[in-house]
Amino acid sequence: LSAGGAVLDIGCAPGSWMQYAAKRAGEKGCVVGVDKNPPAGKFPAWVHFIQGDILGVKGEALLQAAGRKFDAVLSDAAPSTTGERFVDQQNSLRLAERALALAREVLKPGGHLVMKVFQGPDAKKLLDACRAEFEEVQMEKPQSSRKESFEVYCVALRRKSAV
């Protein structure tokens with residue numbers, strides 16, 4: 001995230017990632033947040049919020065809000081959990097697949113994608129799909145994450161220009 005950059009924050013509520021992205025982008029940058037729920041707090045003028053379900057939001061609306069392609073797409077979106085591990089993993093995977101699909105539409109070549117996904121048997125397919133489109137891809141579990149948590153982040157760097 002750099003000064004003047006454009007950042008899409010999927011699943012932006014309560015707003016901590018959006019605040020950080022706004023600080024990094026600065027007033028010459030642009031941050032667009034999308035969530036079913038509005039973020040808490042006040043944000044600078046270069047931060048825009050679209051209320052809606054990410055599964056239904058169109059890439060065109062995101063590009064229109066930013067006025068350009070994005071340098072980074074961040075997704076901390078998580079499903080409402082059911083307590084059924086397999087169901088929760090599949091719902092998380094669906095959100096991550098949607099984040100990747102939106103990144104295909106709105107992320108400029110050389111841009112980055114970071115998205116949360118719950119570990120499960122199908123997470124490798126998501127990783128492989130990212131490897132086809134980004135130069136470097138890895139799964140990371142933040143140190144701040146609880147040991148029993150099965151959430152990880154797919155970090156995909158430098159989108160290839162010809163995909």
Between Leu100 and Met115, does the side-chain contact (heavy atoms from CB on, under 4.5 Å) criterion hold? Intermediate values first, please. CA-CA 8 Å; Leu100 176 58; Met115 60 185 163; 4.3 Å; yes
Flag, side chain of [X] to backbone of [Y], donor-acceptor distance under 3.5 Å:
X      : Y      : value
Arg159 : Arg104 : yes
Lys108 : Ala72  : no
Asp35  : Cys12  : yes

Using the side chain to side chain contact (heavy atoms under 4.5 Å, CB included) criterion, which residues pair with Gln64? Sequence neighbours excluded.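 Result, side chain to side chain contact (heavy atoms under 4.5 Å, CB included) vs Gln64: none returned.
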By side chain to side chain contact (heavy atoms under 4.5 Å, CB included) - contacts of Thr82 (at least two apart):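 In terms of side chain to side chain contact (heavy atoms under 4.5 Å, CB included), with neighbours along the sequence ignored, Thr82 is linked to Glu84, Val87, Asp88.
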Hey, does [Y] have a side-chain heavy atom less than 4.5 Å from the side chain of [X]?
X      : Y      : answer
Leu95  : Ser75  : no
Val152 : Val117 : yes
Arg98  : Ile10  : no
Cys154 : Leu113 : no
Glu151 : Ser92  : no
Leu102 : Val73  : no

Tell me, please, which residues at least two apart from Arg158 pass side-chain hydrogen bond (donor to acceptor under 3.5 Å, both in side chains).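 Arg158: side-chain hydrogen bond (donor to acceptor under 3.5 Å, both in side chains) contacts with Glu135, Glu136.
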For residues 1-19, which residue pairs pass the side chain to side chain donor-acceptor pair (under 3.5 Å) check, not counting sequence neighbours?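 Sorted result for residues 1-19: empty, none.
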Interatomic spacing from [atom1] in [X] to [atom2] in [Y] - rounded to 0.5 Å:
X      : Y      : atom1 : atom2 : result
Arg131 : Leu126 : CZ    : CG    : 10.5 Å
Arg85  : Gln119 : CZ    : CD    : 7.5 Å
Cys130 : Glu97  : SG    : CD    : 10.0 Å
Gln138 : Leu157 : CD    : CG    : 7.0 Å
Leu62  : Glu105 : CG    : CD    : 8.0 Å

How close do [X] and [Y] get, heavy atom to heavy atom, and via which atoms?
X      : Y      : value
Met18  : Pro39  : CE-CG, 3.3 Å
Trp46  : Ala22  : NE1-O, 3.1 Å
Phe134 : Gly111 : CE2-O, 3.6 Å
Gly5   : Arg68  : O-NH2, 3.8 Å

List the atom pairs, with distances to 0.1 Å, where a side-chain N or O of residues 47-60 and a protein N or O form a donor-acceptor pair under 3.5 Å, not counting sequence neighbours.
from, atom 1, to, atom 2, distance (Å)
Gln51, NE2, Lys36, O, 2.8
Asp53, OD1, Leu55, N, 2.9

Scan the side chains in residues 24-31 for donor-acceptor partners under 3.5 Å anywhere in the protein, sequence neighbours excluded, and list what turns up.
from, atom 1, to, atom 2, distance (Å)
Arg24, NE, Leu1, O, 3.3
Arg24, NH1, Tyr20, OH, 2.9
Arg24, NH2, Leu1, O, 2.8

Residues Phe118, Asn91; criterion side-chain contact (heavy atoms from CB on, under 4.5 Å); working and verdict: CA-CA 9 Å; Phe118 294 168; Asn91 290 338; over 6 Å; no
Surrounding CZ of Arg94 (heavy atoms of other residues, nucleotides or ligands, distance under 6.0 Å), is the total greater than 12?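 Counting other residues, nucleotides and ligands, CZ of Arg94 stays at 12 neighbours or fewer.
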